[in-house]
Amino acid sequence: MTYDPNNVFARILRGEIPCKKVHENEHVLAFHDINPQAPVHVLVIPKGAYASMDDFTANAPPAEQAAVMKAMGDVARLTGVAATGYRVISNCGGDGHQDVPHLHFHVLGGRPLGRMLGKAG
Ligand code: AMP
């Protein structure tokens, strides 16, 4: 998947459209998903322009990679789901059903989340 600099998350990072921020530092922004699938549904994104997990791990500096990993755990604590359980998902590419071509991690919780995968479709 190629990186489109006009994707919605790139526009959020540039301040062109708003978000409901949960957490931010030099490398990472975390904000509430606009269409939540669970009581807690936060998106964690690197500030760098990476389309997917494979792009990120091939091209992001180690400090940025570490910061994104740390932010997912920080968001779990900040939102309270660390206490009850949560799931982190990153959809990548076509079979992964990725809609926004800027790498992102869904942090979901606040209710029992069911089995890991639904049926294809
Ligand atoms: P994915 O299918 O993994 O690419 O997920 C993209 C996610 O981005 C979906 O859960 C959308 O609800 C979410 N989303 C799209 N636009 C926005 C926005 N402006 N602010 C917050 N979340 C958004």
Side-chain angles (χ1 to χ4, degrees):
M1 180 170 274
T2 53
Y3 191 81
D4 170 7
N6 285 319
N7 76 74
V8 66
F9 297 164
R11 297 188 64 206
I12 286 173
L13 285 168
R14 291 197 295 267
E16 294 170 6
I17 55 177
C19 72
K20 285 176 61 182
K21 190 190 303 182
V22 173
H23 178 58
E24 182 174 19
N25 62 34
E26 176 189 359
H27 295 298
V28 176
L29 178 66
F31 51 96
H32 291 282
D33 195 291
I34 205 167
N35 183 24
Q37 303 298 306
V40 171
H41 187 171
V42 173
L43 299 171
V44 175
I45 67 173
K47 289 191 171 176
Y50 308 100
S52 63
M53 193 65 187
D54 47 285
D55 181 14
F56 183 63
T57 56
N59 297 308
E64 190 173 9
Q65 296 194 38
V68 170
M69 182 67 78
K70 181 179 183 325
M72 290 187 268
D74 291 345
V75 163
R77 280 191 304 278
L78 285 167
T79 57
V81 298
T84 49
Y86 58 97
R87 183 171 293 155
V88 178
I89 297 172
S90 184
N91 300 316
C92 293
D95 284 354
H97 228 292
Q98 181 177 7
D99 291 324
V100 179
H102 182 114
L103 175 64
H104 51 282
F105 298 87
H106 301 255
V107 178
L108 296 144
R111 66 167 172 79
L113 295 167
R115 294 175 67 87
M116 188 169 70
L117 292 175
K119 291 189 175 163

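Note that ligands are numbered from 1 as they come in the structure, with each ligand's atoms numbered from 1 the same way. Just so we're clear, the structure is a prediction, and the values are computed from it rather than from any experiment. Numbers here simply count residues along the sequence, with the first being 1.
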Purely on distance, is any nitrogen or oxygen of F31 under 3.5 Å from one on ligand 1? no
Any N/O pair H106/ligand 1 closer than 3.5 Å: yes
Using non-hydrogen atoms of the residue, decide whether Q37 is closer than 4.0 angstrom to ligand 1. no
Have a look at ligand 1 and work out which part of H97, if any, has a heavy atom under 4.0 Å from it: side chain, backbone, both or neither. backbone
Using heavy atoms and a threshold below 4.0 Å, how should the contact between V8 and ligand 1 be classified: side chain, backbone, both, or neither? side chain
Which atoms of ligand 1 have any heavy atom of H32 under 4.0 Å away? 21 (C)
CG of L113 to CD1 of I89: how many Å apart, nearest 0.5 Å? 8.0 Å
In the protein, which heavy atom is nearest to atom 5 (O) of ligand 1, and how far is it? H104 NE2, 3.2 Å
Distance to 0.1 Å, residue and atom name: give those for the protein heavy atom nearest to atom 4 (O) of ligand 1. D99 N, 2.7 Å
Protein heavy-atom partner closest to atom 8 (O) of ligand 1 - residue, atom, separation in Å: F9 CZ, 3.3 Å
Please work out whether any backbone atom (N, CA, C, O) or any side-chain heavy atom from C-beta onward of I89 is under 4.0 Å from ligand 1, and answer side chain, backbone, both or neither. neither
Counting C-beta onward and ignoring hydrogens, is there a side-chain heavy-atom pair between F31 and I12 closer than 4.5 Å? yes
Backbone or side-chain N or O of D33 under 3.5 Å from ligand 1 N or O: yes
Are any of the heavy atoms in K20 under 4.0 Å away from ligand 1? no
Reference residue V68; test side-chain contact (heavy atoms from CB on, under 4.5 Å); the match among Q65, M72, K70: M72
Nearest protein heavy-atom contact for atom 20 (N) of ligand 1: which residue, which atom, what distance? I34 CB, 3.7 Å
